[in-house]
Amino acid sequence: MVAQRVRTRFAPSPTGYLHVGGLRTALYNYLFAKKMKGDFIIRIEDTDQSRKVEDAQQNLIKTLEWAGIVADESPVHGGSFGPYVQSERLHIYREYCDRLLEDKHAYYCFSTSEELEENRQLQLKQGLQPKYNRKWLPEEMGGAMPSSNIRKKMAEGSPYVVRMKVPDYISVWFEDMIRGPVEFDSSTIDDQVLMKSDGFPTYHFASVIDDHLMEFTHIIRGEEWLPSMPKHLLLYEFFGWEPPKFAHLPLLLNPDRSKLSKRQGDVAVEDYIRKGYSCDAIVNFVAMLGWNEGEGTEQEVYALQELIDKFSLERVGKAGAVFNVEKLNWLEKQYIKHRPAADIINTIRPVLASELAKRETLLSVDVITGDHYLEQVIELMRERVGFEHEFVTFSSYFFFEPESYEEEAVKKRWIPETNDLLREFTAELEVLEPFTAETIESALKAFVAPKGLKAAVLIHPLRILASGVSFGPSLYHMLEVLGREAVLRRITKGIEQISVAE
RNA sequence: GGCGUGUUCGUCUAGUGGCCCAGGACAUCGCCCUCUCAAGGCGAAGAUCACGGGUUCGAAUCCCGUACACGCUACCA
């Protein structure tokens, strides 16, 4: 390794959205790099042109940055090792391909898809791992194909690929940073295609070359690449390069333990963003799927910087983890409970504006969109909401008149005297000074005591009239925030609308 | 079929030869608090560690075998 500075990368294909599994891979790469005071790089692997999705590259980078994972180098940020998009580096792969051909580590192959498939089926029938039959391995490299046939094919302009030539005896052992020593059966290693007939390299070829040229010190990726390690190590050997350190992460699973997929739940990070989850909770949750601080630590809530400080690859587990949304929900609540009100205001302002555009409010818009009012709502509701947008949607009575009253609650809480009591208590509220939770509570208790009644006889009806529902924050504080005018209006309206038969 | 990896409460996990027939969190249930809903506090239930052998004074931990799950087996990445 030329450079000692730690460099890691996240190398997605621009085929769509950022998968939560990809987020975790990116996150671990980022955490490791930042922990080691190194660099985190984004590279786009678009060698399969048929699967490329417009704008996917942008969206991937944007979603990562939303999560707080900002690259030091990338197609957007630039850097010394560009280009950072593989389709812009084809001349590099051709050069290295030529070198392997010269060194007799690779050869041309003119086999058709049909021939390959036929050969594959034959081998499967025999219970063998399908391997290329080396039909086009030239004589001079130990095969049976005369050079003249190869030259003839080239002259005809037949499509070909370039395959690596796997030696008969190679080392099949390496040390994985998470799993420890891993061994392979060398007989299963195939003459992998390195360059496709469209002039693009395969993942195997391009990633080895780029990982070396971009000087990555650690490759942290999903375990689906583990069986390809022998081929990759061999390519490093062909080029005379020292390989980086490797760590293969276990996959995230569905509840039925199959690989995480759309059919069983949301897998795009965007889906969670859309639902209202914050980046704090998502990052915390994803990090803890298969990693823990160790040494009996029981901490569950980690901010990004804390994760950086404490992250270690050795603490990543080997087993696949089931993506369990209940834990994510709990984490989101923990973050909402402790987040600064100003931050929450920034998030709910657009939500509130959107609601105000749809519905008419009888409250002063200047007041209910002001910081002071919103801070009060937030402090009353933060222990009761599951998402930030619920400050607006779940407690809409702070912004809009209730449109209905919870039927069951009305049945339960209304007695024949309720409306008369409410009317009479309204007169108390009209002259109450100042209009605060404390004075409201005192007034209410002073009101019911002489009548030999419990406070509850008014508390529940007041709540229902003020909010439309039977649950919510402390009644007195709610009434204070709403203000006298709104409270009186809602009580008066409620009395008109609710009556008790019998 | 072949190769590779994995397996501890429902879920995420602690654990790395004795502290553990197993700790924490989420979820579930109950009590307290309480005007409601929450939050908080306390408690309960829940895995002898996939299964079977072996090594050892002693195994969740080391070894062997089996089962199951996941991945690779493409001119996908």
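Only this structure's heavy atoms are used, side chains among them; waters, hydrogens and symmetry mates stay out.
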Given that both distances must come in under 3.5 Å, which nucleotide forms a Watson-Crick or G-U wobble pair with [N]?
N	answer
B:G6	B:C68
B:G58	none
B:C31	B:G41
B:A25	B:U11
B:G46	none
B:G1	B:U73
B:G17	none

5' priority, RNA chain B, between A:Phe323 and A:Tyr160 [closest heavy atom]
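This one resolves to A:Phe323.
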
First encountered from the 5' end of RNA chain B, between A:Asp185 and A:Thr112:
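In this pair, the answer is A:Asp185.
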
Does [X] reach a base, just sugar-phosphate, or nothing at all? Heavy atoms under 4.0 Å.
X	value
A:Gln123	nothing
A:Leu251	sugar-phosphate
A:Gly317	nothing
A:Val469	nothing
A:Leu289	sugar-phosphate
A:Arg120	sugar-phosphate
A:Pro250	nothing
A:Val161	base
A:Ser111	base
A:Glu300	base
A:Ser197	base
A:Glu298	sugar-phosphate

Quick one: what's the B/S/- string for nucleotides 35-48 of chain B, heavy-atom cutoff under 4.0 Å, read 5' to 3'?
BBBBSS--------

d([atom1], [X]; [atom2], [N]) in whole Å:
X	N	atom1	atom2	value
A:Lys327	B:U13	NZ	P	9 Å
A:Asn324	B:A27	CG	P	10 Å
A:Glu326	B:A25	CD	P	16 Å
A:Gln126	B:G2	CD	P	14 Å
A:Glu314	B:G15	CD	C1'	17 Å
A:His248	B:U5	NE2	P	12 Å
A:Glu332	B:C26	CD	P	16 Å
A:Leu249	B:C70	CG	C1'	15 Å

Looking only at N and O atoms, is any donor in the side chain of A:Glu224 or the base of B:G71 less than 3.5 Å from an acceptor on the other one?
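For A:Glu224, whose side chain was compared with the base of B:G71, there is no donor-acceptor pair (under 3.5 Å).
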
Nearest listed nucleotide, side chain of [X], among [options]:
X	options	answer
A:Val182	B:C76, B:U5, B:G2	B:U5
A:Thr188	B:C3, B:G4, B:U13	B:C3
A:Ala321	B:U7, B:U13, B:A77	B:U13
A:Lys196	B:C72, B:C76, B:U13	B:C76

Answer with yes or no whether the side chains of [Y] and [X] bring together a donor and an acceptor at under 3.5 Å.
X	Y	value
A:Arg221	A:His248	yes
A:Tyr203	A:Asp48	no
A:Asn119	A:Tyr132	no
A:Thr436	A:Thr439	yes
A:Asp271	A:Tyr17	no
A:Asn419	A:Trp414	yes

Rounding to the closest angstrom, what is the interatomic distance between [N] and [M] at atom [atom1]?
N	M	atom1	answer
B:U56	B:C3	P	32 Å
B:A22	B:U48	C1'	8 Å
B:A59	B:U16	C1'	12 Å
B:G46	B:U11	C1'	12 Å
B:C49	B:G17	C1'	15 Å
B:G4	B:U66	P	13 Å
B:G40	B:A47	C1'	29 Å
B:U61	B:G52	P	12 Å

Could you check whether the rings of [X] and [Y] sit parallel, tilted or perpendicular, using 30° and 60° as the cut-offs?
X	Y	result
A:Tyr277	A:Phe387	perpendicular
A:Phe246	A:Phe174	perpendicular
A:His204	A:Trp225	perpendicular

Residues A:Lys245 and A:Glu175 bridged, charged N to O under 4.0 Å
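No, this pair does not count.
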
Is the phosphate of B:A77 approached by A:Thr47 (side-chain N or O, under 4.0 Å from OP1 or OP2)?
yes

Step through the shown structure and confirm whether more than 12 heavy atoms of other residues, nucleotides or ligands are within 6.0 Å of CD on A:Glu306.
yes

